[in-house]
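Let me begin by presenting the structure, written as structure tokens, before commenting on it.
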Amino acid sequence: MATGPLLRRAAPALYGASLGSIGLCIALWLRAKTVDQDERGNAERRALFVGLWPPMFWLIGDAAQREGNRR
């Protein structure tokens, strides 16, 4: 089974997911400023949690691209 082309095609999607999660984090952070004080802590924690995703998606995309180029 040729996994090289599949991995090369997955890399841009993972890069896009990384950039999309940055946008989602910013949107959640801005939304956290609009909720009342009781819910603000949860909303900010949700934004920070999503903010941890971009490096993971980017590194998985890098690994997929390198592996796809190697095969």
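Closest approach of Ala47 to Leu28, counting heavy atoms only: CB-CB, 3.8 Å. Nearest approach of Ala11 to Gly61, heavy atoms of both residues: CB-O, 3.5 Å. Residues Val35 and Ala43 come closest through the heavy atom pair CG2-CB, 4.2 Å.
For Arg40, the CZ atom counts as densely surrounded, since its 6.0 Å shell holds more than 12 non-hydrogen atoms of other residues, nucleotides or ligands.
Here the CG atom belonging to Leu24 is positioned 10.5 Å from the CZ atom belonging to Arg46, to the nearest 0.5 angstrom. The distance from atom CG of Leu19 to atom CH2 of Trp58, rounded to the nearest 0.5 Å, is 5.5 Å.
Contact check for Trp53 versus Ile22: no side-chain heavy atoms found under the 4.5 Å cut-off.
Side chains of Asn42 and Arg45: a donor-acceptor N/O pair is present below 3.5 angstrom, by distance only.
Hydrophobic clustering (side-chain heavy atoms under 4.5 Å, transitive across Ile, Leu, Val, Met, Phe, Trp, Tyr) groups Phe57 together with Phe49.
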